[in-house]
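Keep in mind it's a predicted model, so treat the numbers as computed, not measured.
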Amino acid sequence: MLRGLSTAASGMYAQQRKTDLITNNLANMNTPGYKESQSAIRAFPEMLLQKVGGIEKPNLPKEVGTINTGVYMQETLPRYVQGDLHQTNENTDLALTNGPNGTVFFTVEDQNQVKYTRNGRLVIDEEGILSTTEGFPVLDRQGNQITLDNDQFTVTSNGVITMNGNQVAQLGIALTDDPQELIQEGNGLLRTEEGAGELPFADQEPFSVSQGFYERSNVDPSRAMTEMLSAYRSFEANQKIVQAYDRSLDKAVNEVGKVNG
């Protein structure tokens, strides 16, 4: 009986974590460049039940069957699908479009460490440095910060920044064919694993930089709400099982074997 109680409780916990993940996706529905996370729920390995002892063969176990012992959220994975582009006509807004063989990112600096982001809503700070709205400087292909006199600049489709007809810098657009290898951090930043090195720049990979646009999040609110309701229903079903076990245990403790006298 207690085994079934723990199985239902594990289902409740897994669905609670899934609900938290979907809630976070919906909260970031309007965050530029945000990539929604998906969950992978797996069952614990099955257990083989055996009956020990018996009249005919008291020393040999007899197989009864298998039983599942619960579920758990194995991992959460970002879904790196291209988001829609929103036009703003602001020169500092830039949007990346993926190539056919990989995913590209802006290269930024965070406390002297190279990080990556898809958020192209950029600004020019007080020192004239092209940065994200959170204050992380955007880097060029040489790993240097990009300094601009004003926002009257032009960015070509391959990331070359020009002012008054002169090339100022070229955006450091990083490329990976396996974005799942990146580790998510706060403020829409990603990084490589420790010791893995930095991502290479996109040279021959066909990608595109669109000026005056930014990439919206790829969260589908309709699908997210459907998954939310499904998670609620699953949580509720497991909750009813726990309540049923609770009533059975209450009866077993307080009524079964009670002596009248």
Under 4.5 Å between any side-chain heavy atoms of N238 and Q16, yes or no? no
Keeping the roles fixed (side chain from K35, backbone from N218), state whether a donor-acceptor pair exists under 3.5 Å. no
Have T117 and N119 got a donor and an acceptor in their side chains that come within less than 3.5 Å? no
Against R223, only a single residue in V219, D220, T226 fulfils side-chain contact (heavy atoms from CB on, under 4.5 Å); can you say which? D220
Would you check if the side chain of E36 reaches a backbone N or O of M29 as a donor-acceptor pair within less than 3.5 Å? no
Under a 4.5 Å cut-off applied to non-hydrogen side-chain atoms, are R121 and T88 in contact? yes
Determine the minimum heavy-atom distance between D125 and S131, stating which atoms define it. OD2-OG, 3.7 Å
Y34-N25 side chain donor-acceptor pair, cut-off 3.5 Å: yes
Chi angles and distances behind the side chain to side chain donor-acceptor pair (under 3.5 Å) call for N89, Q87: CA-CA 6 Å; N89 295 322; Q87 185 173 7; 2.9 Å; yes
Under 3.5 Å, side chain of T103 to main-chain N/O of P179, donor-acceptor pair present? no
Close side-chain approach of N28 to S217, heavy-atom, < 4.5 Å: no
Is there a donor-acceptor contact under 3.5 Å from the side chain of Q82 to the main chain of N98? yes
The side-chain contact (heavy atoms from CB on, under 4.5 Å) partner of Y116 among L189, T192, V108 is T192
